[in-house]
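See structure below.
As a basis for the values below, the full set of heavy atoms in this structure was taken, side chains included, without hydrogen atoms, waters or symmetry mates.
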Amino acid sequence: MIISWNTTNKCNMFCDHCYRESGKEAGGELTTAEGKKLIEEIARAGFKIMIFSGGEPLMRDDIEELIAYAKTQGLRPVLGTNGSLITEKVAHQLKAAGLMGAGISLDSLDKVKHDRLRKLDHAWDLAVEGMKNCHKAGLGFQIHTTVMDWNQHEVESLTDFAVEMGAVAHHIFFLVPTGRGEKIVDQALKREDYENLLIRIMTKAKEVPIEIKPTCAPQFMRVAEQLGLNLRFGKGCLAGTSYCIIGPKGDVQPCAYMKMAIGNVKETPFDVIWAESPVFQTLRTAAYSGLCGQCGYQAKCGGCRARAAYYHEGDYMSEDPLCILQQNS
């Protein structure tokens with residue numbers, strides 16, 4: 001079980017695709033004390049991996065303290081970051097605090113394209129320097145790439161770059177139009193490109209010594225089976241079943257891309273929300289409608305619940321319109 005906490009809305013970048021619309025700090029963000037209480041509740045709910053993300057989590061002054069506290073609660077703390085603030089000193093401090101790994105965003109091997117998406121000069125150079133600093137500190141890292149129509153041809157090369165840099169994994173995020181991402185919905189992959197890229201990614205996974213995992217593309221489980229790949233993952237879409245996210249002000253969502261606050265940890269303990277939320281309970285039934293409800297890969301895939309909600313007026317149990325099986329039905 002894995003959970004993500006957007007520790008702050010504050011960020012030194014202003015990325016075109018940001019689901020949180022990060023930039024400025026949001027009023028009412030969880031304090032250190034509230035964060036520690038949340039961490040206790042997350043551990044009590046049975047979660048194992050805790051992602052500290054943002055915004056940019058390294059812009060929180062207390063991030064190392066929170067990471068260390070998560071470690072004392074038996075959680076495996078990891079970081080989701082743009083990498084630009086990971087100096088050699090910071091990498092060693094994060095390692096000392098108990099951080100187990102960092103996911104660093106890199107969306108293109110073309111510096112100009114990456115910087116343009118991230119709205120920060122030298123963002124590419126800073127991210128790569130952050131990777132090098134993690135490596136020097138003995139802190140494992142993986143590369144995170146958000147894939148769109150303009151960088152889909154680079155994915156295998158980015159995987160090779162991840163291997164070259166000493167990354168432990170390359171996770172590929174498929175654009176779901178949420179937050180600022182709604183303004184670039186035209187850059188999201190179309191159905192055929194989506195399927196073809198999943199085949200390319202899973203084929204590449206056979207060739208490299210690191211883990212490759214598509215995210216927000218649960219059909220990769222079907223593709224992996226069709227290609228004879230045995231993966232350690234149990235299901236494609238984990239929203240509300242073994243994953244959820246908590247916003248900077250304490251709002252709980254099934255996933256980052258489902259725009260619904262189903263409770264707030266300032267008002268109700270997280271472990272109670274996790275156990276009792278009607279939305280979570282509905283997601284756990286896997287009683288999907290449309291083709292997702294009839295599909296033989298339902299248990300392994302589950303369809304993207306966020307994409308279903310976006311394209312079906314909030315109906316998160318509807319079918320995922322991007323699946324190639326829709327075309328063949």
Side-chain angles (χ1 to χ4, degrees), residues 1-13 18-87 89-103 137 139 179 239-240 242-256 258-277 279-280:
M1 289 171 62
I2 184 169
I3 191 166
S4 181
W5 173 26
N6 294 143
T7 57
T8 182
N9 208 61
K10 192 175 182 181
C11 191
N12 60 334
M13 298 187 186
C18 182
Y19 64 83
R20 189 59 69 187
E21 300 188 67
S22 297
K24 295 181 179 179
E25 182 176 349
E29 293 184 356
L30 298 184
T31 65
T32 304
E34 289 170 333
K36 288 183 175 180
K37 177 177 176 289
L38 170 62
I39 289 168
E40 293 170 2
E41 293 163 0
I42 286 170
R44 197 158 64 225
F47 284 83
K48 302 301 180 186
I49 300 174
M50 182 168 183
I51 305 170
F52 291 86
S53 63
E56 174 47 58
L58 292 178
M59 297 192 79
R60 271 194 77 126
D61 294 335
D62 60 354
I63 192 65
E64 291 168 25
E65 182 180 353
L66 292 166
I67 288 168
Y69 193 72
K71 191 74 180 292
T72 68
Q73 298 301 301
L75 294 166
R76 180 181 175 85
V78 295
L79 197 71
T81 173
N82 60 45
S84 65
L85 302 178
I86 306 180
T87 63
K89 179 181 178 181
V90 167
H92 282 284
Q93 289 174 333
L94 290 170
K95 174 80 171 177
L99 190 71
M100 302 300 290
L139 180 62
S242 57
Y243 171 81
C244 74
I245 192 167
I246 299 156
K249 296 191 284 187
D251 288 330
V252 179
Q253 298 172 226
C255 86
M258 292 176 72
K259 295 175 68 173
M260 55 172 68
I262 60 176
N264 189 287
V265 300
K266 292 181 181 180
E267 301 165 0
T268 308
F270 170 76
D271 51 315
V272 174
I273 296 172
W274 179 250
E276 299 181 2
S277 163
V279 173
F280 285 156

Drop me the distance from [X]'s [atom1] to [Y]'s [atom2], to the nearest 0.5 angstrom.
X: Ser242; Y: Lys48; atom1: OG; atom2: NZ; result: 13.0 Å
X: Ile42; Y: Ile246; atom1: CD1; atom2: CD1; result: 4.0 Å
X: Met260; Y: Cys255; atom1: CE; atom2: SG; result: 9.0 Å
X: Leu75; Y: Ile49; atom1: CG; atom2: CD1; result: 10.0 Å
X: Cys18; Y: Asn9; atom1: SG; atom2: CG; result: 7.0 Å
X: Phe47; Y: Phe270; atom1: CZ; atom2: CZ; result: 4.0 Å

With no hydrogens and no angle check, do the side chains of Thr8 and Glu56 hold a donor and an acceptor under 3.5 Å apart? no

Grab the two heavy atoms, one from [X] and one from [Y], that are nearest each other, plus how far apart they are.
X: Gly101; Y: Leu139; result: N-CD1, 3.9 Å
X: Ala102; Y: Thr81; result: CB-CG2, 4.5 Å
X: Gly55; Y: Pro57; result: O-CD, 3.6 Å
X: His92; Y: Ala137; result: CE1-CA, 3.6 Å
X: Tyr19; Y: Gly54; result: OH-O, 4.1 Å
X: Pro77; Y: Phe52; result: CB-CE1, 3.8 Å

Got a sec, which residues hit side-chain hydrogen bond (donor to acceptor under 3.5 Å, both in side chains) with [X], two or more places apart in sequence or on another chain?
X: Tyr69; answer: Glu40
X: Asp251; answer: Asn264
X: Lys36; answer: Glu65

Flag, side chain of Gln253 to backbone of Met258, donor-acceptor distance under 3.5 Å: yes

In chain order, what residues pass the side chain to side chain contact (heavy atoms under 4.5 Å, CB included) check against Glu64, with sequence neighbours excluded? Gln93, Leu94, Ala97

Would you indicate whether the side-chain heavy atoms of [Y] and [X] approach each other to under 4.5 Å?
X: Val265; Y: Trp5; value: no
X: Lys71; Y: Met100; value: yes
X: Arg20; Y: Ser53; value: no

May I have the step-by-step check of side chain to side chain contact (heavy atoms under 4.5 Å, CB included) for Asn12 and Asn82, ending in yes or no? CA-CA 9 Å; Asn12 60 334; Asn82 60 45; 3.0 Å; yes

Should Leu58 and Ile86 be marked as a side chain to side chain contact (heavy atoms under 4.5 Å, CB included) after you check the CA-CA gap, both sets of side-chain angles, and the distance that decides it? CA-CA 8 Å; Leu58 292 178; Ile86 306 180; 3.6 Å; yes

In sequence, state the C-alpha distance, the side-chain angles, and the governing distance for Ile3 and Trp274, and then conclude on side chain to side chain contact (heavy atoms under 4.5 Å, CB included). CA-CA 11 Å; Ile3 191 166; Trp274 179 250; over 6 Å; no

Looking at residues at least two apart in the chain, or sitting in another chain, which of them share a salt bridge (Lys or Arg N to Asp or Glu O under 4.0 Å) with Glu29? none

Which residue pairs pass the salt bridge (Lys or Arg N to Asp or Glu O under 4.0 Å) test with at least one member in residues 261-277, sequence neighbours excluded? Arg44-Asp271

